[in-house]
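Only one structure is covered here, and it is reproduced in the block below.
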Amino acid sequence: MQLTNRINRIQVSATAAVINAAEQLKAKGVDIADFGPGEPDFPTPEHIKKAAIKAIEENRTKYTPTGGIMPLREAITAWHKRELGSDYTAKECVVTVGGKHSIFNAISVLIQNGDEVILPAPYWVSFPDIIKYAGGTPVIVETRPEDGFGAKAADIEKAITPKTKMVIVNSPSNPSGGVVDGPEFEKILAICKKHNVWVMGDECYSHFVYEPHKPFSIASAKDSKASVIIIGSVSKTFAMTGWRIGYTLAPEELIQAMIKVQSQSTSNPTSIAQYAALEAMRGSMDTVPPMLAEYAKRRKRIVEGLRAIPGVTCEWPGGAFYAFPNVSAHLGESKNAAAKNCTELSKLLLEKAHVALVAGEAFGAPGFLRLSYATSIERIEEGLRRLEKFFSRAEAAA
Ligand SMILES: Cc1ncc(COP(=O)(O)O)c(C=O)c1O
C-alpha cells in the first residue's frame with residue numbers, strides 16, 4: 001500500500017507496544033508485574049464522575065464550540081492562575097482531546113519543513129514523532145542523571161541554530177521524573193526570548209512533585225506570555241486518562257490557529273468529558289495530596305529496591321511516577337551480559353521474569369529502563385523480587 005511520507009516518518013508508540021505485549025500474556029493467564037502503564041491506578045474522584053453523569057442526565061450531549069465550552073476555558077485559566085500563578089484569559093485557552101492532542105495541534109500550526117525543535121533527552125516518546133510528522137527535525141540535548149535529568153539552559157543555548165523554532169521542556173518529565181526548577185526554567189526562557197524561539201512547557205505532571213520541588217509553571221514568569229505555550233491535562237492530576245481532556249494556554253493568535261485545525265479534524269472534545277473537567281477545575285482538590293503521598297511511598301520503595309540490585313543505579317525522580325534506573329552494567333556483547341541492549345532486555349524481562357517495563361531506547365536513553373510505579377506497593381514488592389532474581393541469575397552466570 002502506498003502510504004504518505006508523512007506517516008512513514010513515525011512509529012507506533014513504544015509504550016503502547018509494551019502494554020500490548022503484556023496484555024497478550026495476561027490474557028493467557030500469566031501473572032505480570034506490570035510497570036508499563038503511564039497512568040494513575042486511582043479511580044477518577046467521585047465528584048468528577050457525578051458531574052459527568054449529571055451532564056448526561058441534562059442532555060449535554062450535543063456539539064459544543066470547537067475550542068471547548070466557555071465556562072471550561074474560563075475555569076482552566078482560573079485554576080491555572082490559582083495553582084500555578086499564570087494570567088490568561090479564556091480566549092488564550094483551547095480545550096483539546098488530551099494533552100497529547102494539544103501538543104500535536106500546537107506543533108502542527110507552528111512547525112514545518114526545515115524547522116528544528118530542541119528536545120531534552122530522555123524525552124517522552126511522542127515528542128519526536130509529532131515533530132517529524134509536522135515536517136520538523138528534533139534536535140536532542142542530553143540531560144544528566146547527576147542533575148536529576150533536569151534540562152539546563154546552557155546546554156539548550158548551545159543547540160540553538162537559526163532554524164530553531166521551539167524548545168520543549170517537560171517538567172516533571174516522563175520518563176525520568178526530572179524536574180526543572182523555577183530559576184533554571186527562567187534562564188531557559190530568557191535564552192529562548194533572546195533567540196526568538198518558543199518555549200513549550202508540558203505540565204501534565206505539574207502536581208506530582210516531591211520535596212523539595214514545588215509545582216511550577218513557566219507561565220508565572222514575568223513577560224513570558226509572548227514566548228510560552230503551556231500544555232496541560234486533567235489526565236494525571238485527576239486520574240482522568242480515559243476522559244481525554246487537555247488544554248493549551250498561549251497567545252490568542254496561536255489558540256485561534258489550533259481551533260481552526262480542530263474545526264477540520266476532531267471538532268470539540270467530548271461534551272460530557274468537558275463537564276467532568278469543569279468540575280475538576282472548579283471543585284475540591286482534596287483528592288490530589290493523598291495520591292501524591294501514595295506515589296511518594298511507592299517511589300521510596302521502588303528506588304531503594306532497584307538500588308539494592310547489583311549493577312543497577314537509580315536517581316530519585318523529582319516528580320511524576322516513573323523510576324528510571326540505569327542497567328548498562330548488565331548489557332553488552334559478551335555471553336555474560338543479560339542482553340545486548342535494553343530493548344532486548346525488556347523482552348527477556350517480560351518473557352522470562354514476567355515483568356513489564358519500557359526500554360530506555362524508546363526515550364532516547366539507551367542503558368535505562370522506565371518503571372511506572374502507578375501500581376500498588378504489593379505489586380512493586382513482587383516486581384522487585386522478580387527483578388532481583390533475574391539480575392542475580394545473570395550475575396551468577398557471569
Ligand atoms: C509527558 C507527557 N505529556 C503529555 C501526555 C499526554 O497525556 P494526555 O493526552 O492523556 O493528556 C503524557 C501522557 O502520558 C505525558 O507523559
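Remember, it's 1-based here, ligands and their atoms both numbered in the order they're listed. Not measured: the values here are computed from a predicted model.
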key: Close side-chain approach of Ile245 and Met240, heavy atoms under 4.5 Å   = no
- prompt: What residue and heavy atom of the protein are closest to atom 12 (C) of ligand 1, and at what distance?
  reply: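 Ranking protein heavy atoms by distance from atom 12 (C) of ligand 1, first comes Trp124 CZ2, 3.4 Å.
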Looking only at protein heavy atoms, identify the closest one to atom 13 (C) of ligand 1 and say how far it is in Å.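 Heavy-atom neighbour on the protein nearest atom 13 (C) of ligand 1: Lys236 NZ, 3.0 Å.
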Can you sort out which atoms of ligand 1 are near [X], meaning under 4.0 Å from one of its heavy atoms?
| X | answer |
| --- | --- |
| Gly98 | 9 (O), 11 (O) |
| Ser233 | 8 (P), 11 (O) |
| Gly99 | 8 (P), 9 (O), 11 (O) |
| Ser235 | 8 (P), 10 (O), 11 (O) |
| Asn170 | 1 (C) |

Any Arg244 heavy atom less than 4.0 Å to ligand 1 = yes
**Study point:** Any Gly246 heavy atom less than 4.0 Å from ligand 1
**Key:** no
**Prompt:** Does any N or O atom in Asp202 lie less than 3.5 angstrom from one in ligand 1, N or O only?
**Reply:**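 There is such a contact, yes.
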task: Can you label the angle between the Phe324 ring and the Phe368 ring as parallel, tilted or perpendicular, going by 30° and 60°?
output: parallel
key: His213 ring center near Trp316 ring center (under 6.0 Å)   =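 Judged by ring-centre distance (under 6.0 Å), His213 and Trp316 do not meet the cut-off.
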Checklist line | Check: Tyr295 ring centroid to Phe208 ring centroid under 6.0 Å | finding: yes
Are any of the side-chain nitrogens in Arg386 or Asp31 under 4.0 Å away from the carboxylate oxygens of its partner? yes
For residues 92-134, the ring pair (Phe, Tyr, Trp, His ring centres under 6.0 Å) pairs (sequence neighbours left out) are Phe104-Tyr133, Trp124-Phe127
